[in-house]
Number of protein chains: 2
Amino acid sequence: MSNLSISEENYLKAIFHLYKPGEGIGTNAIARHLDTKPASVTEMLKKLADKKLLTYEKYQGVIPTRKGFTLALVVIRKHRLWEYFLVEKLKLKWDEVHEIAEQLEHIQSDLLVEQLDAFLGFPKLDPHGDPIPDKEGKMCAMNCCCVSEIKPNSNARIFGVKNHTSAFLKHLEKLNLTIGKTFTLVNRNDFDQSVELVLNKQTMHISKEVAENILVEKLK
Amino acid sequence: MSNLSISEENYLKAIFHLYKPGEGIGTNAIARHLDTKPASVTEMLKKLADKKLLTYEKYQGVIPTRKGFTLALVVIRKHRLWEYFLVEKLKLKWDEVHEIAEQLEHIQSDLLVEQLDAFLGFPKLDPHGDPIPDKEGKMCAMNCCCVSEIKPNSNARIFGVKNHTSAFLKHLEKLNLTIGKTFTLVNRNDFDQSVELVLNKQTMHISKEVAENILVEKLK
DNA sequence: ATTTTTTTTTAGGTGCGACTAAATTATATT
DNA sequence: AATATAATTTAGTCGCACCTAAAAAAAAAT
């Protein structure tokens with residue numbers, strides 16, 4: 001079978017997240033994503049290529065194979081199911097679960113995953129708004145975009161977040177910008193790309209960095 | 001703090017299980033228990049001694065320190081809580097959980113453990129009848145012994161098992177010897193130490209090996 | 001079209017946790 | 001007490017996943 005080490009799984013996950021159709025994924029980008037060094041990445045890419053999980057040609061950037069995609073999705077499925085469990089069942093806060101799920105996602109047992117999924121009622125979204133792949137790796141299509149991409153004078157509902165760090169999520173909590181909240185984007189500041197919005201009749205300003213990491217669905 | 005590797009945790013657990021007051025624990029015994037080689041054990045014992053988790057003197061056998069005991073109990077607590085979770089919440093069978101709990105016991109998060117404990121209702125025993133240490137490492141005293149230790153013509157209730165392998169537990173299941181069942185020990189065979197017992201009016205014979213791995217409480 | 005900068009790869013090294021084979025110490029036997 | 005056996009330790013390797021420093025290739029700038 002395909003028995004991967006924790007490291008290998010983390011590389012596949014990183015590659016999955018960095019993948020964009022048509023583009024090869026650079027060694028540097030992967031190193032940044034995994035907080036490691038490019039030299040270490042090159043080595044691992046060779047190993048993953050040997051296992052037919054990606055196509056590797058020197059200096060060309062890497063592209064995951066179907067098998068690589070599938071295995072990455074298994075890890076992502078586990079991560080998101082565990083996050084859902086931690087929040088919904090164990091009552092952890094959405095900013096407390098990422099690190100723990102990073103560990104739990106590597107537990108190996110198909111039976112465990114399927115029973116967990118059933119126990120949770122086959123959830124479709126995790127606590128950060130990310131879709132949970134099903135057993136076959138399918139997940140609901142997402143029709144959302146960053147706050148930094150919507151036009152002034154439009155209404156939006158917060159759907160999810162792109163950054164899962166505790167620091168960012170605690171910040172959002174403080175601003176009352178949590179999943180499900182709706183707001184109106186009033187204005188985008190030209191020189192720093194910061195955004196002015198109205199939430200519960202209160203006007204507030206959020207930085208470009210924050211705006212880039214909040215996912216919303218547009219409301220008519 | 002005391003951040004241990006998975007290997008180190010497994011050594012501590014093995015040492016905890018092999019510990020008997022007064023006796024030092026041998027390198028060979030640990031190697032057998034962990035399915036590894038004595039040479040590997042010696043190395044690890046030195047490392048654990050450096051961390052003050054046990055006292056090590058060449059050729060003398062090893063004794064865990066208070067700190068070593070405490071950390072072993074934390075791992076055992078996690079193992080047994082997860083086993084309880086897997087059986088009671090995810091509906092896995094008692095012979096399916098050991099291997100999975102061997103992985104889950106190494107997940108690092110105090111918050112997770114305490115919330116899991118609360119979610120499960122602070123259980124006192126795991127699915128194999130083993131006591132679950134509480135937050136302070138205390139667990140209920142056990143007043144039980146092996147079937148191989150009780151006298152003919154006594155009644156007993158099955159309390160737990162000493163062997164947690166799937167093979168053994170499936171065997172017990174087939175014999176209908178599960179936790180809570182009561183039986184009468186009729187006779188012990190002298191030459192092979194096998195045991196004759198009556199369960200639900202049915203007479204059955206179990207081997208010495210099986211008898212040694214079933215824990216019972218004596219009934220008057 | 002060169003040169004400079006950036007990206008990627010190679011070469012060589014480290015720590016961890018395992019291994020084998022050989023040496024040493026402890027224990028048991030005669 | 002001497003010897004045989006068993007347990008333990010040492011010495012030397014290995015694979016994995018990381019690292020640094022230097023070389024090579026690709027991309028960008030002049």
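A note on names: the letters A, B, ... follow the listed sequences, proteins ahead of strands, and every chain is numbered from 1.
Using a 4.0 Å heavy-atom distance criterion, A/T42 is classed as a base contact. A/S40 comes within contact range of at least one nucleobase, with a heavy-atom separation under 4.0 Å.
When the P atom of D/dT8 is taken as reference, atom NZ of B/K58 falls 14 Å away, rounded to whole Å. At whole-Å resolution of the value, CD in B/Q60 and P in C/dT25 are 13 Å apart. One interatomic measurement links the two molecules: NZ of A/K46 to C1' of C/dA11, which rounds to 10 Å at whole-angstrom precision. Regarding A/I6, its CD1 atom lies at a distance of 21 Å from the P atom of D/dG15, rounded to whole Å. Atom OH of B/Y56 is separated from atom C1' of D/dT9 by 6 Å (rounded to the nearest Å). Going from atom CZ of B/R32 over to atom P of D/dA7 covers 7 Å, rounded to whole Å. Atom CG of A/N28 and atom C1' of D/dA26 are 13 Å apart (whole Å). In this structure, the NZ atom of B/K37 is 23 Å from the P atom of C/dC16, given to the nearest Å.
Under 3.5 Å, the side chain of A/E43 and the base of D/dC16 form no donor-acceptor pair of N or O atoms.
Of the N and O atoms on the side chains of A/H79 and A/D130, not one donor lies less than 3.5 Å from an acceptor on the other residue.
Evaluation of the ring pair (Phe, Tyr, Trp, His ring centres under 6.0 Å) test over residues 8-39 of chain A, restricted to residues two or more places apart or in two chains, returns A/F16-A/F69, A/Y19-A/F69.
Salt-bridge check for B/E149 with B/K218: failed, with every basic side-chain N at 4.0 Å or more from each acidic carboxylate O. With respect to the salt-bridge test (charged N to carboxylate O, under 4.0 angstrom), the residues B/K93 and B/E173 do not qualify. Ion pairing between A/R77 and A/E136 fails under the 4.0 Å rule for side-chain N and carboxylate O.
Of the candidate nucleotides D/dA21, C/dT20, D/dA24, D/dA21 has the atom lying nearest to any side-chain atom of A/A39. Side chain of B/S7, nearest nucleotide from C/dT9, C/dT10, C/dA18: C/dA18. When distances are taken from the side chain of B/Y11 to each of C/dC19, C/dA18, D/dT20, the shortest belongs to C/dA18. Among the nucleotides D/dT9, C/dC19, C/dT8, the one closest to the side chain of B/T36 is C/dC19.
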